[in-house]
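Working notes, structure below.
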Amino acid sequence: MVVGLVETAVPTAKSTVSSAVKKPTSLSSDPIINVARGDPTIYEPYWKKMGDRCKVVIAGDEFMSYFCNAMNLCWFLLPELDNAIRTLHRVVGNAMVDDDRFIIVGNGSTQLFHALLYALSSPDLPDPINVVAAAPFYSSYPEETKFLRSKLYKWAGDANCYDKDEPYIEVVTSPNNPDGSIRGTVVNREGGKAIHDLAYYWPQYAPITSKADHDVMLFTFSKATGHAGTRIGWAIVKDKVIAAKMVKFIEVSSIGVSREAQLRAAKILGVIADDCRNLDLKGENFFEYGRRLMSKRWGKLRELGMKSNGVFSLPKYPRDYCKFTGEYTDSNPAFAWLKSNEVLNCENLLRDESKIITRGGSSFGVDSTYTRVSMLSRDVEFELLLERLAAIKGTVNGN
């Protein structure tokens with residue numbers, strides 16, 4: 001199902017693109033708005049309000065060794081981060097983190113993705129293993145898979161079209177980037193392996209319906225809390241052999257992961273978990289705050305669409321029961337998946353008419369009538385985005 005979008009202007013009295021320079025704006029004079037990236041600056045006000053609760057102090061003689069725990073399989077993983085990750089997943093209920101599962105930390109989920117391609121492939125195969133994902137798929141998967149020109153694996157395109165009787169790795173993103181849909185594997189053939197990317201399976205983006213229980217699950221600090229610059233991601237892995245190969249990849253490529261970054265992530269994840277368990281907390285915990293913000297933004301975008309002539313369309317998501325909140329909630333994806341109802345190149349339309357930079361459908365394996373718009377920008381950018389979208393005139397109904 002789709003909902004029409006855009007025609008009626010939404011006034012914003014103080015729209016600006018830069019948070020550093022605040023000045024009046026107009027549709028004709030405003031600079032370019034870049035919502036092609038998923039930079040999660042939406043959460044900055046919350047963390048600013050937290051003050052010293054998330055402060056980390058590190059003495060000059062701390063963290064000098066390469067090793068966090070030489071006896072642990074992931075020897076560069078801080079015990080504090082291991083504990084914080086497992087605790088938060090148990091509090092939220094979005095993933096199985098039994099003690100027999102391995103936590104592998106990486107320099108963002110991007111490094112972990114490369115580590116998994118290495119770990120799930122085999123040098124004994126005569127040909128590189130095929131890597132597929134169902135379109136629309138995350139736009140970086142093809143580039144990341146092809147980048148090293150590895151003889152171990154190769155990009156093989158849309159999982160919906162995969163018909164080879166050969167070993168394969170299927171990447172499943174759920175909720176999906178770019179369209180926010182809940183997904184499972186598509187190919188389901190003998191000899192296949194799966195990577196489940198659950199970067200957006202947190203309460204601010206989607207109802208938590210069950211504990212994810214897959215062989216390999218990827219998460220990232222950037223989308224969970226908004227701290228993209230810290231460059232921390234983690235994988236939850238069942239198989240010890242796969243986990244060991246991932247550790248070897250990270251050891252060779254970067255000799256581990258910054259312990260300072262890990263300590264900061266552990267501190268913040270711990271604060272979130274504590275607040276979620278604190279029934280006497282005055283105010284909102286982080287996930288309540290994030291869900292309220294995302295819900296408000298999606299409400300504004302859909303309200304804009306209901307007043308329009310249907311220049312664009314948006315997916316409509318079913319409500320589901322969220323075990324974290326204890327109520328039925330809507331999905332509020334991190335990205336809006338726009339479709340041009342006039343069969344135009346949606347990315348070009350937004351760029352040429354409104355100076356809005358997005359990421360077009362061809363990057364995600366579908367046609368150019370689609371484009372992805374980030375919902376995670378700062379308030380001033382989002383309000384200006386609404387203003388500019390509302391001003392776009394279609395050719396339908398005589399406009």
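Only heavy atoms go into these numbers, but all of them, side chains included; no hydrogens, no water, no symmetry mates.
With a 6.0 Å radius and a threshold of 12 heavy atoms from other residues, nucleotides or ligands, N188 has its CG atom above the threshold. Residue-environment remark: CZ (R319) exceeds the threshold of 12 foreign heavy atoms within 6.0 Å. Heavy atoms from other residues, nucleotides or ligands lying under 6.0 Å from NZ of K49 number more than 12. Surrounding CD of E143 are at most 12 heavy atoms belonging to other residues, nucleotides or ligands under 6.0 Å away.
If you chain together hydrophobic residues whose side chains sit under 4.5 Å apart, Y46 and V271 fall into the same group. Both V92 and Y201 belong to a single network of hydrophobic side chains, linked directly or stepwise wherever heavy atoms of I, L, V, M, F, W or Y lie under 4.5 Å apart. Criterion: ILVMFWY side-chain heavy atoms under 4.5 Å apart, direct or through other members. Under it, Y317 and V172 are not part of a common hydrophobic cluster. No continuous path of ILVMFWY side-chain contacts below 4.5 Å connects L125 to V241, so the two sit in separate hydrophobic clusters. Hydrophobic clustering (side-chain heavy atoms under 4.5 Å, transitive across Ile, Leu, Val, Met, Phe, Trp, Tyr) keeps V132 apart from Y118.
With sequence neighbours left out, the side chain to side chain donor-acceptor pair (under 3.5 Å) criterion links D274 to R277.
The two atoms that bring I236 and A95 nearest to each other are CD1-CB, 4.1 Å, heavy atoms only. Across every non-hydrogen atom of A390 and L304, the tightest pair is CB-CD1, 3.8 Å. Here the closest heavy-atom approach between residue I392 and residue E353 is recorded as CG2-OE1, 3.8 Å. Across all their heavy atoms, I272 and F287 have their closest contact at CG2-CE1, 3.5 Å. The two atoms that bring A84 and G270 nearest to each other are CB-N, 4.4 Å, heavy atoms only. Residues S374 and G38 share a closest heavy-atom pair of OG-CA, 4.0 Å.
In this structure, the separation between CD on E383 and CZ on R388 is 13.5 Å, given to the nearest 0.5 Å. Considering NE2 of H114 and CD1 of I250, their distance stands at 11.5 Å, rounded to 0.5 Å. Residue K193 holds its NZ atom at 6.5 Å from CD1 of I169, rounded to the nearest 0.5 Å. Remark: F324 CZ to W202 CH2 distance equals 9.5 Å, nearest 0.5 Å. The CG atom of L293 lies 6.5 Å from the CG atom of D379; values are rounded to the nearest 0.5 Å. A distance of 9.5 Å separates CG of N94 from NZ of K211, quoted to the nearest 0.5 Å.
In this structure, T110 and E144 have side chains that are in contact, with non-hydrogen atoms separated by less than 4.5 Å. Side chains of P175 and I182 form a contact here, defined as non-hydrogen atoms less than 4.5 Å apart. Taking 4.5 Å as the limit, some side-chain heavy atom of L350 sits within range of a side-chain heavy atom of L338. V366 has its side chain out of reach of D158: every pair of non-hydrogen atoms, C-beta onward, lies at least 4.5 Å apart.
The six-membered or imidazole ring of Y138 lies near that of Y141, with a centre-to-centre distance under 6.0 Å. The aromatic ring centres of F286 and W47 sit less than 6.0 Å apart. Side-chain rings of F219 and H89 approach one another, their centers coming within less than 6.0 Å. Within the 6.0 Å centre-distance limit, the rings of Y328 and Y321 are counted as a close aromatic pair.
No option in M217, R101, H214 other than R101 meets the side chain to side chain contact (heavy atoms under 4.5 Å, CB included) test with K238.
A cation-pi arrangement is present between R297 and F382 under the rule of less than 6.0 angstrom and at most 45 degrees off the ring axis. A cation-pi arrangement is absent between K240 and F102 under the rule of less than 6.0 angstrom and at most 45 degrees off the ring axis.
The aromatic rings of Y200 and F335 stand perpendicular to each other, their planes meeting at an angle above 60°, with 30° marking the opposite boundary. The aromatic rings of Y370 and W337 lie parallel to each other, their planes meeting at an angle below 30°, with 60° marking the opposite boundary.
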For side-chain contact (heavy atoms from CB on, under 4.5 Å), just list the numbers for V97 and L88, CA-CA rounded to whole Å, side-chain angles, deciding distance to a tenth of an Å, and then say yes or no. CA-CA 10 Å; V97 282; L88 186 62; over 6 Å; no
How far apart are the C-alpha atoms of L263 and E260, what are their side-chain angles, what is the distance that settles it, and do they pass the side-chain contact (heavy atoms from CB on, under 4.5 Å) test? CA-CA 5 Å; L263 188 64; E260 288 86 351; 5.8 Å; no
When you look at L116 and L218, which way does the side-chain contact (heavy atoms from CB on, under 4.5 Å) test go after all the steps? CA-CA 10 Å; L116 275 168; L218 287 180; 3.8 Å; yes
Could you walk me through whether D197 and R183 pass the salt bridge (charged side-chain N to carboxylate O under 4.0 Å, His left out) check? CA-CA 10 Å; D197 185 341; R183 291 187 159 191; over 6 Å; no
Let's go through D215 and D239 carefully: what are the C-alpha distance in whole Å and the side-chain angles of both, what is the deciding distance for side-chain contact (heavy atoms from CB on, under 4.5 Å) to 0.1 Å, and is it a yes or a no? CA-CA 7 Å; D215 290 343; D239 189 281; over 6 Å; no
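No side-chain donor from either of D320 and T209 sits under 3.5 Å from a side-chain acceptor of the other. No side-chain donor-acceptor contact under 3.5 Å links D39 and T41.
Ion pairing of E288 with R291 is absent here, as no side-chain N (NZ or NE/NH1/NH2) approaches a carboxylate O to less than 4.0 Å.
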Show which side-chain atoms of residues 50-79 pair as donor or acceptor with protein atoms under 3.5 Å away, not counting sequence neighbours.
| unit_1 | atom_1 | unit_2 | atom_2 | d |
| --- | --- | --- | --- | --- |
| D52 | OD1 | K55 | NZ | 3.3 |
| R53 | NH1 | D275 | OD1 | 3.3 |
| R53 | NH1 | D275 | OD2 | 3.1 |
| R53 | NH2 | D275 | OD1 | 3.0 |
| E62 | OE1 | A59 | N | 2.7 |
| S65 | OG | F67 | N | 3.0 |
| N69 | OD1 | M71 | N | 3.1 |
| N72 | ND2 | C74 | O | 3.2 |

